[in-house]
Amino acid sequence: MISKIRHRSLHLALLGVMIPVIIFAFGSCANYNSNTFDATAYLDTFGDPNDPNFAASFKIIEEKCSWCHYHKGQYPSLITSQRWVESGQVVPGSPQTSPLFLKLKNPSGGGGNMPQDLPPLSSTEYSTIQSWIQNIPGS
Amino acid sequence: MRKLIPLLLIMIFTPLKESKAYPQFIGHGYPSCLNCHYNPMGNGPLTDYGRAVGATGIASRMFYPSSWSEEKIGDSSGFLFRKPKQEVARTQLNYRGLQMVQAFGTSNAKSSWINMQGSGQLILKFLNDDRLIMVGEIGYNPPSPQARAANQNQKILRSREHYVGYRFNPEFGVYAGFMDKAYGIRVAEHIALSRVYTDNTQNDQTHGVMIHGLAGGFEGALHAFFGSMFQSADIRQKGVSLQLEREVNNDHRIGFSFLNSKNDYIGVTSYGAHSRISLNDGSALMFEFGQNHRNAKSGSGSRISRYGLLQTFSKATQGLYLIANIDYGKTDLSQESSVLRWGPGIQFFPIQKVELRADLYNSRVFNENSTSLDSWMLLLQTHIWL
């Protein structure tokens, strides 16, 4: 019986296998918790001052999208335009090729399917996001 | 701050219960969680001993033939009522459902059923006295408050805890993995303000390393944690917490907790004191009070909150408890408003592996010159474990 074996080396070997399994297991699990929206709750200004369109877009995304898209590396943590670009969701200067924008329901009909199962963004919200992507500095 | 209020309100007025650690069992002469739970701070799967205690010492006997011995009942406390045939692996299933009636007793009463917990637990244990354990619990993920508010279901699984534990001896053990933080009284009401203000709700497990020990009338845990690795690095709360209890005597423990952690946006410090007192056979009184400081690194949102909790469990007869619960909180000490939630409840364990609970909650929000109308909520909970 395993319970009878007392060798120290066996303890260590077991721990050596179990600890990594334990720490890295379940990587695909849900991860919503009390910290999820810390960025929105505690930052007043997002992004940099040369990127004035970002803050308004971030607020819209936070309100309309983030509560479904909060998984690892997802929306609540994309607090600068740079991070959106790095995430691959946004192509600077080009809403028409940005996955984020393409996924949006067009308020005047058509477009993508986001926010899922909910009414489309208002046309003001839609154009705010459009002009943010259009005007990301450096584009 | 303003952005947090809706979130807090939802959490405050949705008193769900999920965890299984019942600190009030100090009233039964079990002051420490360690005997009955694999996790020495409570919650999570029960040990064989804990299951037997639940079957024989906690649950009612009314549905058993009087000829059944204590031993026979205890032997049926294993998974699917069977006595395990091997020593290495244990499995458990848990389900909790909640019928919630808001605005109870008014014409606007609104009733809904919530599947709060459905989880599977696997325990692998090695060496004598389960000295080396590996515990994992995968469960249904209740939707975030926003999703719930929008009536959206996000049916995703999540890890409730998974860790390795090694006890050098009965007095000292080390645990590494994904666990609840060691802080305060781990009451079943995970939306008690003592849990909400200090970020110790049902979804706040963290990766880290915890040491747990008992010595000279003290029991305590020191937890160094680095946040949930399932989240992006900027929001992970990294820090330490400590929970220390002193045994005044067999029937009375006093405790102290401290937590300090930070992420890229805020630093959090919480501290509190608590007490657990066994009143007489099976009955208990517990209270906890403390403060939480949030310091926003840039921007606004810094605040100090205060909380208080008082619970009594009176054993009426075996398996049946009458509960009184008072929960108080002031989210921001610089503001006038505070919340008081209180009410009676009944907890009934008709047979082993079944818990039924009914709680009535009265919530009031007090402002400078106004008090919100009374609002009553009825919660009927069914909890089954196999």
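So you know, we letter chains A, B, ... as the sequences are listed, proteins then strands, and number each from 1. Since we're looking at a predicted model, the values are computed, not measured.
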J.: Can you list the residues that meet the side chain to side chain donor-acceptor pair (under 3.5 Å) rule with B:Ser270, with sequence neighbours excluded?
T.: B:Asn292

J.: Measure B:Ile266 against the heavy atoms of chain A and call it side chain, backbone, both or neither at under 4.5 Å.
T.: side chain

J.: Take atom NZ in B:Lys83; do more than 12 heavy atoms of anything else shown fall under 6.0 Å from it?
T.: no

J.: Are a donor atom and an acceptor atom from the side chains of A:Asn35 and B:Asn263 found within less than 3.5 Å of each other?
T.: no

J.: Please lay out, stage by stage, how A:Arg83 and B:Asp234 fare under the test salt bridge (Lys or Arg N to Asp or Glu O under 4.0 Å).
T.: CA-CA 12 Å; A:Arg83 290 202 190 171; B:Asp234 59 329; 3.6 Å; yes

J.: I need the A:Asp38 CG to B:Lys262 NZ distance, nearest 0.5 Å.
T.: 14.0 Å

